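In what follows, a single structure is set out as structure tokens and then discussed.
Convention: sequence-line order gives letters A, B, ...; per-chain numbering from 1. This structure is a prediction, so every number in the text was calculated from the model and none was measured.
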Amino acid sequence: MLVLSRKAGETIYIGEDIEIVISEVKGEQVKIGIHAPRNIDIIRGELLQDVSASNTEAVITSLDLFKKKK
Amino acid sequence: MNIQTAYFGEVKIDSTNILKFQYGLPGFENEKEFILLPLEENSTFQVLQSVQTAELAFIITNPYDITANYSFDIEEATIKALQLEDEKEVVVFTIVSLKETIAKSTVNLKAPIVLNTTNKKAKQVILNNEDYSIRHLISSESKEG
């Protein structure tokens, strides 16, 4: 993984159309601005992990619930 | 073509009905093809069966049946990815996480599946909407089940 050190106000470009702005650094929190084309999904990592966990929980292990209702 | 399924044995499917998830689903990134199979006993729910992995299947339902005011904007990224041209092409599903009863089961309103019925391209989108939960209790809206 490429790791870059940046200060508040500094930027990083990823390719031609994605710009990452370090907008504020305060204690343990970093505020990051992202300029990206609208066709790119930007999702918080923990949210994606939670959806992934939820999908894993949702894999069917039994359909008995529907059979009982009959 | 015939596929092996988790609960219905070998099933003959029409390959034109295969839903194409370009990037799979979160947690199942390599699963790019699914098929919808009816659950005869209960038409509100359907099975979303992986084409390549027999053991992998989900229950899905219509989120509008669960919560009346469900609504979200489809983002540009999804419109492009699914090549959506008309809202009439869109169908939305939500994944159900089954528990001991339907009432105790949850639906993922935060990450619905959007399907383009014309080209069968589908995507599980993640909404930037704090009102919707990943584990929305079905009984919180309905007394059925």
Shortest non-hydrogen contact from [X] toward [Y]:
{"X": "B/Gly27", "Y": "A/Ser52", "value": "CA-OG, 3.1 Å"}
{"X": "A/Arg44", "Y": "B/Asn128", "value": "NH1-OD1, 4.5 Å"}
{"X": "A/Val59", "Y": "B/Phe28", "value": "CG2-CZ, 3.6 Å"}

So [Y] and [X], do their side chains get closer than 4.5 Å, heavy atoms only?
{"X": "B/Ile134", "Y": "A/Glu57", "result": "no"}
{"X": "A/Asp50", "Y": "B/Lys110", "result": "no"}
{"X": "A/Leu63", "Y": "B/Phe45", "result": "no"}
{"X": "B/Gln49", "Y": "A/Ile60", "result": "no"}

Consider only side-chain heavy atoms of I, L, V, M, F, W and Y, link residues closer than 4.5 Å, and tell whether [X] and [Y] are in one cluster.
{"X": "B/Leu48", "Y": "B/Ile66", "answer": "no"}
{"X": "B/Leu19", "Y": "B/Leu37", "answer": "no"}
{"X": "B/Tyr132", "Y": "B/Ile138", "answer": "yes"}
{"X": "B/Leu39", "Y": "B/Leu115", "answer": "no"}
{"X": "A/Val51", "Y": "A/Ile43", "answer": "yes"}

What option among A/Thr61, A/Leu47, A/Asn55, A/Asn39 has the most heavy-atom pairs under 4.5 Å with chain B?
A/Asn55
Heavy-atom distances under 4.5 Å only: say whether [X] touches chain A with side chain, backbone, both or neither.
{"X": "B/Glu55", "result": "backbone"}
{"X": "B/Ile59", "result": "both"}
{"X": "B/Val47", "result": "side chain"}
{"X": "B/Ala111", "result": "side chain"}
{"X": "B/Tyr23", "result": "neither"}

Neighbour count above 12 (heavy atom, 6.0 Å) for [X] [atom1]:
{"X": "B/Asp73", "atom1": "CG", "result": "no"}
{"X": "B/Gln124", "atom1": "CD", "result": "yes"}
{"X": "A/Arg6", "atom1": "CZ", "result": "yes"}
{"X": "B/Glu87", "atom1": "CD", "result": "no"}

Under 4.5 Å from a heavy atom of chain B, the part of A/Leu48 involved:
both
Interface residue of largest heavy-atom contact number with chain A, from B/Ala77, B/Ser105, B/Ala81, under 4.5 Å:
B/Ala77
Roughly how far, to the nearest 0.5 Å, is the CD1 atom of A/Ile42 from the CD1 atom of B/Ile126?
13.0 Å
Do the charged groups of B/Lys80 and A/Asp41 touch, with an N to O distance under 4.0 Å?
no
